[in-house]
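For clarity, every value in this text was computed on a predicted model and none was experimentally measured.
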2 protein chains.
Amino acid sequence: MTIEDQIQTAPLPLSRKLSINLLYTANWANDILAEALKPHDLSLQQFNVLRILRGQKGKPANLSTINDRMVTKMSNTTRLVDKLIKKEFVVREVCPSNRRKVEILITAKGLESLQKMDEAVATAEDKITAQLNSNELEHLNNLLNTLRTETNN
Amino acid sequence: MTIEDQIQTAPLPLSRKLSINLLYTANWANDILAEALKPHDLSLQQFNVLRILRGQKGKPANLSTINDRMVTKMSNTTRLVDKLIKKEFVVREVCPSNRRKVEILITAKGLESLQKMDEAVATAEDKITAQLNSNELEHLNNLLNTLRTETNN
DNA sequence: CCTATACATTTGTATATACAACAATTGTAA
DNA sequence: TTACAATTGTTGTATATACAAATGTATAGG
């Protein structure tokens, strides 16, 4: 279904059509991922933080590191981490070598829970991409990367 | 820049890479649009509601109509409209023929303000799509539409 | 040593949104 | 006509997020 049909609007200039389609489609994908995580009582953003911490392989991460690696920007990783602490999925300590920083570590419980969610999320990701073959997915990936290319002006 | 470089992660399966890239890129586009609207003190969602109401060409819209046409889903168009009323960009009345419904109309002030924002938003949309030519944009559009195609299973 | 500045994070305030509970109105059917 | 269900919106609670101000810590220059 075209995006014009989807949101019932008159024909749009291409740049507008693409902008709307991009946001609309991402929202659609977001819903599928959120749905997959719902039984685990974790938001997509909380899941992302956990996944980043697992990627650290035991090395603690400080807030700005997590922030840099988030898919969506956060002025507020502090409060996300607060919620993960309440669930006992991560621990937070003051960095001994530089007490301005904090060190955040995923716990055994966090790793365990993450493992249980992996399958659900992978299924959701497959669902999102199911309608395209590998070549098309690569192409789509490249087009998205190009879109974000910075101009030097 | 590839999405793996962007968020500093190990190589990912294609379905995950695309899912992340889609959310990341939409977020990037969202920021550009929000930035363009910032001088006008209007959020992207408020702008979208106004644009939908203008599309009604004088015909009032009720809440569920607006909801259907929103790019991002809303459990909460009520409160968005509240904010637009406070800015005197729209008015809300009870529908006389069916008093469960409400009728929402854009005001002259709303139309006027919208017109001023049009240029800023069009510029933002051009910026979002600047790195691709028409053919590529059409292709990207089609790939996004295909992605959202429902399966009948 | 003292102070200005930079750094890393936290907190307050506002917006957007999901979900569930609630309320009012209308339609239907015994 | 009364009971019940469906429709349409509103409201309460929780999460995510942007932005700005505040907090606490480190560092560099005088």
Side-chain angles (χ1 to χ4, degrees), chain A residues 23-24 26-50 52 60-68 70-87 89-90 92-104, chain B residues 23-24 26-50 52 60-68 70-87 89-90 92-104:
Chain A
L23 299 185
Y24 191 87
N27 197 64
W28 165 84
N30 194 83
D31 285 352
I32 291 174
L33 288 166
E35 185 70 26
L37 285 170
K38 212 174 141 186
H40 303 277
D41 262 310
L42 212 67
S43 73
L44 182 52
Q45 303 315 322
Q46 290 174 21
F47 175 76
N48 281 334
V49 172
L50 281 188
I52 288 165
N62 53 40
L63 267 192
S64 48
T65 304
I66 297 177
N67 235 321
D68 291 346
M70 294 284 288
V71 175
T72 53
K73 274 178 322 208
M74 278 280 285
S75 56
N76 201 3
T77 316
T78 300
R79 282 175 269 220
L80 260 189
V81 169
D82 286 344
K83 278 157 201 158
L84 292 172
I85 290 172
K86 200 181 285 178
K87 290 175 180 165
F89 287 167
V90 308
R92 172 170 51 195
E93 292 167 34
V94 174
C95 174
S97 67
N98 184 342
R99 285 166 46 210
R100 285 175 297 191
K101 296 189 184 182
V102 296
E103 291 184 334
I104 297 152
Chain B
L23 299 184
Y24 191 88
N27 197 65
W28 165 84
N30 194 83
D31 286 351
I32 291 174
L33 288 166
E35 185 70 24
L37 285 170
K38 211 174 143 187
H40 303 277
D41 263 311
L42 211 68
S43 73
L44 183 53
Q45 302 316 320
Q46 290 175 21
F47 175 77
N48 281 333
V49 172
L50 280 189
I52 288 165
N62 53 40
L63 267 192
S64 50
T65 304
I66 297 176
N67 233 322
D68 291 346
M70 294 283 288
V71 175
T72 53
K73 274 176 321 206
M74 279 280 285
S75 57
N76 202 5
T77 315
T78 300
R79 281 175 271 218
L80 260 191
V81 168
D82 286 344
K83 278 157 201 156
L84 292 172
I85 290 173
K86 201 181 286 179
K87 290 174 181 165
F89 287 169
V90 308
R92 173 169 50 194
E93 293 167 34
V94 174
C95 175
S97 67
N98 183 342
R99 287 164 47 211
R100 284 172 301 190
K101 296 190 183 183
V102 294
E103 291 185 334
I104 298 152

Undergrad: Taking only the side-chain heavy atoms of B:R100 (C-beta and beyond), determine which of C:dT17, C:dT26, D:dT10 contains the nearest atom.
TA: C:dT26
Undergrad: Taking the side chain as every heavy atom from C-beta outward, state whether A:F89 and A:L42 have any pair of such atoms under 4.5 Å apart.
TA: yes
Undergrad: Can you figure out which of D:dT11, C:dT13, C:dT10 approaches the side chain of B:T78 most closely?
TA: D:dT11
Undergrad: Nearest-Å distance, CG (A:N48) to C1' (D:dT15)?
TA: 14 Å
Undergrad: Just to verify, which of A:L80, A:V81, A:D68 counts as forming a side-chain contact (heavy atoms from CB on, under 4.5 Å) with A:L63?
TA: A:V81
Undergrad: From CD of B:E93 over to C1' of D:dT8, roughly how many Å is that when rounded to an integer?
TA: 17 Å
Undergrad: Look at the side chain of B:R92 and the base of D:dG9, then say whether one donor and one acceptor between them are separated by less than 3.5 Å.
TA: no
Undergrad: A:N67 CG to C:dT9 P: how many Å, rounded?
TA: 9 Å
Undergrad: Give the rounded distance in Å between these two atoms: CG of A:N76 and C1' of C:dT13.
TA: 12 Å
Undergrad: I need the CZ-P distance between A:R79 and D:dC19, as an integer number of Å.
TA: 14 Å
Undergrad: Which one, D:dA18, C:dT17, C:dT9, comes nearest to the side chain of B:D31?
TA: D:dA18
Undergrad: Could you tell me how far apart B:D41 (CG) and D:dC19 (C1') are, to the nearest whole angstrom?
TA: 13 Å
Undergrad: Using a 4.5 Å cut-off on heavy atoms from C-beta on, say whether the side chain of B:E93 contacts that of B:V102.
TA: no
Undergrad: Side-chain contact test, heavy atoms from C-beta onward, threshold under 4.5 Å: evaluate it for B:V94 versus B:E103 and give yes or no.
TA: no
Undergrad: Within less than 4.0 Å of OP1 or OP2 of C:dT9, is there a side-chain N or O belonging to A:S64?
TA: yes
Undergrad: Starting from P on D:dT10, measure out to NZ on B:K101 and report it in whole angstrom.
TA: 13 Å
Undergrad: Got a donor-acceptor contact below 3.5 angstrom from the A:K87 side chain to the A:D41 backbone?
TA: yes
Undergrad: Quickly work out the A:I66 CD1 to D:dT17 C1' distance and round it to whole Å.
TA: 16 Å
Undergrad: From the options D:dT15, C:dT9, D:dT10, select the nucleotide whose nearest atom is closest to the side chain of A:Q46.
TA: D:dT15
Undergrad: Start at the 5' end of DNA chain D and walk down; is the nucleotide closest to A:K83 or to A:N98 reached first?
TA: A:K83
Undergrad: Would you tell me if any nitrogen or oxygen in the side chain of A:R99 comes within less than 4.0 Å of OP1 or OP2 on D:dT25?
TA: yes
Undergrad: Need to verify one output field. Residue with the more 5' nearest nucleotide on DNA chain C, A:K38 or A:T65?
TA: A:T65
Undergrad: Think B:Q45 has a side-chain N or O under 4.0 angstrom from the OP1 or OP2 of C:dT17?
TA: yes
